[in-house]
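Right, one structure below, let's go through it.
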Amino acid sequence: MATKTQVPAKPVPVDAQSTREQVFDTFRRWGYLESTLDPLGKSLIAEPIPEVFIDGKDADDARSLYSGTIAVEFMHIADKSKRNWIQQRMENPKGQQSHLSKERTLELLTRADLFEQVIQSRYLGTKRFSLEGLTALIPFLDELLQHAAALGVTQAIFGMSHRGRLNVMVNIIGKATEDIFTKFEDVDPRSTLGGGDVKYHIGATGTFYADNGGEIDLHLVSNPSHLEAVDPVVIGRARAKQVRIGADGEQQVLPIVIHGDAAFAGQGIWAESLNLASIPGFTVGGSIHIIANNLLGFTAEPRESNASRFASDIAKRLPIPIFHVNAEDADAVLRVADIAADYRQTFHSDVVVDLIGYRRHGHSEVDDPTVTQPLLYARIKDHPPLYQKYAKQIGIDPKPLVGQYQAEFLEAQKHAKQNEKVPKMAKLPDYWSAYPGGVYKSQYEVHTGLPLERVKEIALGLTVYPDDFHIHPKVKKLLEQRAEMGRGEKPFDYGMAEAVAFGSLLVEGTPIRLAGQDSQRGTFNQRHSVLVDIENESRYIPLQHLAKDQARFEVYTSMLSAAACLGFEYGYARDYPETLVLWEAQFGDFANGAQIIIDQFIASGEDKWGLLSGVTLLLPHGYEGGGPEHSSARIERYLQLAAHDNMQICQPSTAAQYFHLLRRQVMRPWRKPLIVFTPKSMLRHPDANSPLEDFTRASFLNVLPETEVHNARRLLLCTGKIGHHLRVERERRKLDTVGIVFIEQLHPFPAEEILAAIHQHPDAELVWVQEEPTNMGALTYIMPQLRRLAGNTPVTSVKRSASASVATGSAKAHELEEHTLLDLAFGHIGH
Ligand SMILES: Cc1ncc(C[n+]2csc(CCOP(=O)(O)OP(=O)(O)O)c2C)c(N)n1
């Protein structure tokens, strides 16, 4: 292993002719590799880097600036003005006065340590994920916020994992210590009733009162155990808050994300989120990323977590600065906090701060770290807490502070013990006051239909573009067809129904944000929401030109990510309940790349944290012979996650149904995630098109009952495209004894409407028909419920055989299966 002593005792000049500037440049580029960053000198040992084997006065001067307890990687930034800015700050350390005095810094360090020690003594054997070894994070954040307030920041959105979270909640966010201790006492009855979450995952809000009189609203985002999953949610929330503010939004709203070192290096969702930094529609004008780097990830050492020297190396994909700072040098930590805030506010860029310390205890306090790192922990045992070192350094006796904080925390613990109240839930911003969650109530229903003339007017408004716009001939044809629909000469298809739903909401004042891969055009060439001039590639968006005072319409073709993009939209919807926020998967199965966001935030966020979201997922679904990978949006997964009306899971089978569903999602005050299985070939299925009149109907129908056949002998119940195949086949077989019922909403389960549809055909046997295999689709969710509703009437099912993969790769086999399904559905039935 490389050690510092391997560096030659007497470095030799690489090039005796080097000028002072050349020597400095060498240190600007490589100095970080020689710096003293690891407080315990164990993992990050200076490597012998030939480039910096330089001695002499110039080298000593440069070394003191770039190879001390602060190091910076910035020479990969192509923009010279940014490099010059950093150089200027690094080479002029004097005159940069921190906001925090030495006394205040000591107070914060002492509080941070004492908070942990009191929990350790009072709640032995519980997990708290102590910050000890990295307590410098607390003065760092305080300084960062002090400086940010001076630079105009009014809101900060924090994302962080378990490490030091309770400490940050109390010492930065301002959550009452008593409330935290109440959680340790476990007096929240919700946790015994299946709801709630553990104390180190729940979010918090507070206010930071800066010394300059400024105030910053602080939001610590609730997050799951899944490391880094919160990153895109933080960014999406920040963007929503910025958009709400307007032009000054980026300057006022600051995202701050605190990462673990192993998670930073390892988790892909973070790499995806980082890539959002400057993509239009997703940028937040820079986030400040702090790696709370204890040089351990559970039991894993850096060499087991990172392929390269620093956990931060993945951030080098972007032209952003990476500061490393030794967390035992509190003054250096404050200096970096100021530089980071200045840089972000000046350049609207991400900044990474790698705060390097150690971990005093095991991964959690119930873990014994001496089993895996015996030598390191022998060293840590003798290493004094930072507040003691710092007190000595500045010549202040810390004992009075220790006594004061100990008494304060013990008093809070006493109150928590007597506390029988449920800890207070976070107060949501006012813009949430009009939107309830909880279980569905019929009083939430609204009229989503529109007068005929209004539909026509909006539809026709979407088919026009400026005279001098050079439209693509194919798009021109599409718009001509849409104009025919608008004039009532042709039934509406899905693409048009969606456009009219959007258009009508916009003119009624509801903003819309849609993002997904190829979402501007639409994967199936069905949307064309952005027209492209074929001569100059300028863009025209008809949905932005419907009325003078219409609401904002945004549509983005997103980067190729499911996890970060869906996390972002979930976050955006969390802070903008008035907006219809939609995320679209290119094919529905790609959403499984975002499974953590779906499981941990969308399905369970309300139950765990009491936090609502109306995010809408558009998931193309349908068995069409496209093979295992493009056929299924995995209906079964969403249904397995469904309970207590946590999400709406729908499959609209006609264009008008889709129109009503989209409008209902945002017009009802009920804010619930909406999962929509959207069409592929059904986009153009004539049976799925809708006449103009269907848009004037009251609202979305959870169930489409059989109306053409009377007193059927068999009722085929289904959802989605298969229903249209069944109708075509019934026609072909000229059967008038079989009814077809479309279940358009699967959750909340529309029991009453299904019952009514069944009662219209009292003599009918019931058959559930699905195109998915037995182990997929809605089968296992729906059969017990249908049987419960059917009473003594038998309920059977028709489906593909159980299968390990979603669908066959052979188009011929697919067709054969499809015929068999239809045969089984109509088998043994006469006229
Ligand atoms: C996606 C994911 N995988 C595994 C875990 C289990 N786990 C919890 S903490 C942890 C180590 C994290 O190390 P690091 O990021 O360095 O943070 P530290 O705990 O050291 O502060 C692991 C593996 C998790 N929470 N999330």
Side-chain angles (χ1 to χ4, degrees), residues 70 98-101 104-116 129-151 153-175 177 180 200 203-212 214-221 223 230 234 238 253-260 264 286-294 323 325-345 350-357 386-387 390:
I70 298 178
S98 63
H99 295 259
L100 295 185
S101 64
R104 179 74 189 134
T105 306
L106 177 63
E107 281 172 21
L108 290 173
L109 289 172
T110 313
R111 265 188 83 85
D113 226 288
L114 265 287
F115 173 76
E116 302 288 358
F129 302 107
S130 165
L131 190 62
E132 288 156 278
L134 271 169
T135 48
L137 180 67
I138 300 300
F140 174 92
L141 291 175
D142 203 290
E143 177 72 17
L144 183 72
L145 292 171
Q146 293 283 1
H147 203 54
L151 299 171
V153 170
T154 60
Q155 298 186 52
I157 322 292
F158 282 81
M160 73 182 296
S161 66
H162 54 288
R163 179 70 52 210
R165 188 173 170 101
L166 300 179
N167 211 315
V168 168
M169 275 177 158
V170 165
N171 289 318
I172 296 294
I173 309 288
K175 193 165 175 74
T177 321
I180 300 272
Y200 38 83
T205 53
T207 307
F208 183 83
Y209 299 97
D211 293 345
N212 73 349
E215 290 182 12
I216 302 182
D217 287 340
L218 306 175
H219 302 264
L220 173 62
V221 180
N223 76 167
V230 78
V234 172
V253 180
L254 174 65
I256 300 172
V257 191
I258 303 165
H259 312 257
F264 194 91
S287 307
I288 293 184
H289 297 281
I290 303 140
I291 306 176
N293 190 346
N294 52 26
F323 293 91
V325 56
N326 186 324
E328 292 274 284
D329 184 346
D331 295 335
V333 167
L334 299 186
R335 189 175 152 220
V336 170
D338 288 344
I339 299 177
D342 275 334
Y343 189 88
R344 191 272 177 187
Q345 291 300 88
D350 280 34
V351 183
V352 175
V353 175
D354 183 15
L355 181 66
I356 301 176
L386 180 55
Y387 81 88
Y390 192 69

By side-chain contact (heavy atoms from CB on, under 4.5 Å) - contacts of A292 (at least two apart): L134, I258
Interatomic spacing from CG in L386 to CD1 in I138 - rounded to 0.5 Å: 12.0 Å
Flag, side chain of S287 to backbone of H289, donor-acceptor distance under 3.5 Å: no
Sequence-distant partners of F264, ring-ring contact (aromatic ring centres under 6.0 Å, His included), two or more places apart: H259, W270
Verdict with reasoning, I216 to Y209, per side chain to side chain contact (heavy atoms under 4.5 Å, CB included): CA-CA 7 Å; I216 302 182; Y209 299 97; over 6 Å; no
Which residues share a ring-ring contact (aromatic ring centres under 6.0 Å, His included) with F129, sequence neighbours left out: H162, Y200, H363
Shortest non-hydrogen contact between N171 and A112, atoms and distance: ND2-CA, 3.8 Å
I173 and V168, any side-chain heavy atoms less than 4.5 Å apart: yes
Spacing of CD1 belonging to I172 relative to CE belonging to M160, to within rounding of 0.5 Å: 10.0 Å
Partners meeting salt bridge (Lys or Arg N to Asp or Glu O under 4.0 Å) with D342 (sequence neighbours left out): R89
Qualifying residues under side-chain contact (heavy atoms from CB on, under 4.5 Å), relative to D211, sequence neighbours excluded: Q146
Close side-chain approach of I256 to L141, heavy-atom, < 4.5 Å: yes
Heavy-atom closest pair, residues P255 and A238: CG-CB, 3.7 Å
Side chain to side chain donor-acceptor pair (under 3.5 Å) partners for N223, two or more places apart: none
Minimum heavy-atom distance V234-G159, with the two atoms named: CG2-CA, 3.6 Å
pair F323-V352: side-chain heavy atoms closer than 4.5 Å: no
Distance in Å, L108 CG paired with Y390 OH, rounded so as to fall on 0.5 Å steps: 10.5 Å
Side chain proximity check, Y387 to L114, heavy atoms < 4.5 angstrom: yes
From CA spacing to verdict: side chain to side chain contact (heavy atoms under 4.5 Å, CB included), N326, I356: CA-CA 5 Å; N326 186 324; I356 301 176; 5.9 Å; no
Atom pair CG (L106) and OG (S101), whose distance is rounded to the nearest 0.5 Å: 9.5 Å
Validation row: L131, F115 side chains within 4.5 angstrom (heavy atoms): no
With E143 via salt bridge (Lys or Arg N to Asp or Glu O under 4.0 Å) - residues at least two apart: none
Minimum heavy-atom distance M169-G203, with the two atoms named: CE-O, 4.0 Å
Those residues that, when tested against E107, pass side-chain contact (heavy atoms from CB on, under 4.5 Å) (two or more places apart): R104, L401, Y405
CA sep, side-chain torsions, deciding dist, call: L254, I157, side chain to side chain contact (heavy atoms under 4.5 Å, CB included): CA-CA 6 Å; L254 174 65; I157 322 292; over 6 Å; no
Contacts of type salt bridge (Lys or Arg N to Asp or Glu O under 4.0 Å), residue R163, not counting sequence neighbours: none
Partner residues of T154 under the side chain to side chain donor-acceptor pair (under 3.5 Å) criterion, sequence neighbours left out: Q252
Side-chain heavy-atom pair D217, T207 within 4.5 angstrom cut-off: yes
Any residue meeting side chain to side chain donor-acceptor pair (under 3.5 Å) with D338, in chain and number order, not counting sequence neighbours: none
L109 and P139, any side-chain heavy atoms less than 4.5 Å apart: yes
Gap between atom CG of N293 and atom CG of L137 - 0.5 Å precision: 12.0 Å
Taking every non-hydrogen atom, the tightest pair across A204 and K175: CB-CD, 4.0 Å
Any R344 side-chain heavy atom under 4.5 Å of D350 side chain: no
Closest approach of V333 to A136 (non-hydrogen atoms, all atoms of both residues): CG1-O, 3.8 Å
Steps toward side chain to side chain contact (heavy atoms under 4.5 Å, CB included) verdict (F158, L218): CA-CA 7 Å; F158 282 81; L218 306 175; 3.8 Å; yes
For H99, all residues meeting side chain to side chain donor-acceptor pair (under 3.5 Å), sequence neighbours excluded: H147
